[in-house]
Trainee: 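First the structure, which I've put down as structure tokens, then a few questions once you've had a look.
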Amino acid sequence: MQQLPQLLILMIRLFSKYSASSSKMVTFYFKNKDNSLTKVTTPIGQNLLQIAHKNEVDLEGACEQSLACSTCHVILPKQLYDKLPQPVPEEEDLLDLAYGLTETSRLGCQVKVDEKFENVIIQLPKATRNFYVDGHKPKPH
Amino acid sequence: MIKFGSNYASKIQHLYSNKPFSFAIIGSGPAGLYTAKHLFNDIENINIHVFEQDLCPTGLIRYGMAPDHQRIKRVAEELLTIKQNEHCHYFGGVSIGKDITINELDQLYSAVFYAYGAQIDKPLNIQGEQLQNVYSARQIVNWYNSHPDYCDLDIDFKNKNNIAIIGNGNVALDIARIFGLDQDELQKTDINEISIDKLKNNQINNIVIIGRRGLVQSQFSLKELREMTKLSQFRFLLYKPDLLWSLNEESQTECKDLGVNYGNVTRGNRRKLEFMKSFEIIEDEATMNSILKQGSNGRINVILRFLLTPLKIELKENKLNLKLQHNQLAGKPFNQVAMPLDQQSILECDMIIKSVGYQSHNIDNDIPWNSEQNIVDNSDGCIKKDPTKLKTGSYACGWIKTGPKGVIDSTFASSQETIVNFKNHMDADLIRNVHDPYEQVVNLLRQRSINYIDFKVWDRINEFEIEQGQKAKKPRIKLMRNRDLLQFL
């Protein structure tokens, strides 16, 4: 009897492997805060936050994808950023609050991967010395 | 999954695998729990004890974040996954500086992380602050979030038509929004029934939110503002003379795209200004006065006022008279200050809420304190013994490090920076090994007759609250009193 669940698990694994191979996969990299790279291969259609969590990439997702925080802030390569649909105003509002914002910043939970992600590097923002917080007014140079 | 490059976790494990480290964290809010979670992630063979002044963990997640923002509150579950680690202990209801001193912690642990946030209100220091119907934002927020120290707050909304909120940060908007929720919306939150009874069917017509500087310098985020404008019961209004004074050349510069040196500051300003251009405008004083005197047909006018400093509060014929100094902006872009003009006015209202920010305070004379900024004296999270030397083994995370600014994201970022700097100290062999001092701490608390809640007790409380909530179709029903919480011991 004990072998039955194991057999079931094996069947599920085989099935999921088969079904996964029938949907399109894409391979790309996360550049971690310590500059190491994490290679991920994933079916298209998932968002960057989900993929990061499945692959133990250290990306926070404090609000469970409800567009209430910007802890899953990621930086995309410009070429890729330009090809993606524009973020909705609510995502832009949260990017306003993200520290280390760049012109190609997005929220990981709002970006679904597709073929365009093949071989790209998604950068996680670094905790730098001079991160900006709400109300911080930098001096002009 | 293939990892390239350096991997911090395995490096520290390699160097120290057989020698245990023990860390104390003061405060169980976002900064403290985030720090605990990431220390466990990054370093092998460690013990972490989290000390919390309240009985219940998670600090501002439970008692600060708005009760209608339940999704973001779920971050607590993620942060509290640390309790699955047998080397993690929680001491809820223990005040560091009083029940256990900083010196004792320094002796008991390899390192101490200060993450106790900002627990007092920035003072306004004006005459009349102590009058009835004048509250601090902390009182109000803790009241509707069922904090044991504030759930009995003496407050009622009978005949309270006009409310003034001094300060224009996100907390001010949270309070205005909660005050305007209808009964159905209130029932979906975890606000307790006593507070709901007081809030529902209130007679608020106008909420005037007052900022010292101009519109561009206002502190609330567009995210909060946009969310509130989507609720049909609120009508947002601006006052024309405020706008004329607010949008001087310098403030317009603060909204220009000035490149990367300005981070997202100018971008945020620009987008907020653009959004607020769609608000209705009150043309003159006569229109303003008539709006403040009339009912609002079921909607609440949220009037955003700028360039006003409160001078004093007086009670006249059952009304609070808030005397305001009019200001203009002076100084260079990004460093503009409010300069008083030779003009004052009176705002008549029924309730005043002071929401000018929180402040950290020194809980133990042995803490190196920066009294200018009201934070623990630190350099990028490393606490300083004196201006030139670090107090190795002592670190600051979150608001106690940076001052009470920013949202949870910036708290995470600032804590992350501290952890990186701490790990450098570990790599440099500056942190001493200490075996788990759990027994010693428990004995100390027993000797001093201090009741505390651990994670097992918290789990029972949490389960109970959620179970009670499910019966009433609410996220949870919070236990409001310490004696009820302590019954779970």
Side-chain angles (χ1 to χ4, degrees), chain A residues 27 29-42 53-58 60-73 89-103 105 107 124-141, chain B residues 1-8 30 34 38 41 69 71-75 78-79 169-170 217 219 221-227 253-254 258 260-265 267-269 271-272 275 332-336 380 402-403 405-420:
Chain A
T27 298
Y29 302 86
F30 283 101
K31 192 170 188 183
N32 298 304
K33 286 167 184 161
D34 63 356
N35 283 329
S36 63
L37 288 175
T38 302
K39 184 181 184 179
V40 296
T41 301
T42 176
H53 280 182
K54 271 187 197 152
N55 291 279
E56 289 172 32
V57 171
D58 189 14
E60 300 291 332
C63 75
E64 301 196 326
Q65 309 183 32
S66 67
L67 267 180
C69 76
S70 46
T71 51
C72 65
H73 168 206
E90 285 77 5
E91 183 184 343
E92 297 270 24
D93 293 353
L94 290 163
L95 288 169
D96 286 347
L97 306 172
Y99 78 95
L101 185 82
T102 71
E103 283 177 2
S105 288
L107 296 184
L124 268 54
K126 287 177 194 167
T128 58
R129 280 168 62 94
N130 302 313
F131 61 89
Y132 294 124
V133 291
D134 192 7
H136 175 78
K137 310 280 189 237
K139 290 197 171 91
H141 288 259
Chain B
M1 182 182 66
I2 307 163
K3 279 209 173 193
F4 301 93
S6 76
N7 182 333
Y8 230 117
Y34 179 91
H38 283 262
N41 279 354
H69 285 170
R71 297 271 313 249
I72 181 83
K73 278 179 188 258
R74 280 197 226 153
V75 67
E78 173 59 27
L79 292 171
N170 285 331
Q217 294 80 28
Q219 293 291 308
S221 68
L222 178 52
K223 181 210 167 267
E224 294 270 331
L225 196 61
R226 190 192 300 275
E227 177 192 338
T253 304
E254 292 176 17
L258 297 170
V260 73
N261 282 334
Y262 294 84
N264 27 2
V265 173
R267 178 196 138 113
N269 289 346
R271 296 185 67 250
K272 192 157 74 176
F275 184 75
K332 291 193 169 140
F334 304 102
N335 287 302
Q336 294 192 85
D380 301 324
T402 60
K405 289 173 187 167
V407 290
I408 196 164
D409 314 45
S410 33
T411 294
F412 286 178
S414 102
S415 306
Q416 180 66 37
E417 182 196 51
T418 300
I419 293 164
V420 168

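Side chains are part of it too, since the values below use all heavy atoms of this structure and drop only hydrogens, waters and symmetry mates. In the text below, chain A, chain B and the rest are named by the order of the sequence lines, each starting its count at 1.
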Trainee: Do B/Ser221 and A/Asp96 have side-chain N/O donor and acceptor atoms under 3.5 Å apart?
Mentor: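 Note: B/Ser221 and A/Asp96 side chains miss the donor-acceptor criterion.
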Trainee: Treating A/Ser66 as the side-chain partner and B/Arg71 as the backbone partner, does any N or O pair qualify as donor plus acceptor under 3.5 Å?
Mentor: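 No.
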Trainee: Please classify the contact between A/Leu67 and chain B as side chain, backbone, both or neither, with a heavy-atom cut-off of under 4.5 Å.
Mentor: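 Contact with chain B: backbone only.
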Trainee: Under the rule for salt bridge (Lys or Arg N to Asp or Glu O under 4.0 Å), what residues qualify as partners of B/Arg226, not counting sequence neighbours?
Mentor: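 By the salt bridge (Lys or Arg N to Asp or Glu O under 4.0 Å) rule, B/Arg226 matches A/Asp93.
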Trainee: Applying salt bridge (Lys or Arg N to Asp or Glu O under 4.0 Å), can you list everything that pairs with A/Glu92, at least two apart in sequence or on another chain?
Mentor: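 A/Glu92: salt bridge (Lys or Arg N to Asp or Glu O under 4.0 Å) contacts with B/Arg267.
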Trainee: For chain A, which candidate among B/Lys223, B/His38, B/Glu224 shows the most heavy-atom pairs at distances under 4.5 Å?
Mentor: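 The answer is B/Lys223.
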Trainee: Among A/Glu103, A/Glu90, A/Gln65, which residue has the highest count of heavy-atom pairs closer than 4.5 Å to chain B?
Mentor: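 That would be A/Glu90.
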Trainee: Where the side chain of B/Asn269 meets the backbone of B/Glu254, is there a donor-acceptor pair that is under 3.5 Å apart?
Mentor: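 Looks like yes, one N/O pair under 3.5 Å.
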Trainee: Checking B/Phe275 against chain A: side chain, backbone, both or neither under 4.5 Å from a heavy atom?
Mentor: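 No part of B/Phe275 comes within 4.5 Å of chain A.
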Trainee: Based on non-hydrogen pairs under 4.5 Å, which of A/Cys69, A/Ser105, A/Gly61 is most in contact with chain B?
Mentor: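 Winner by heavy-atom pair count: A/Cys69.
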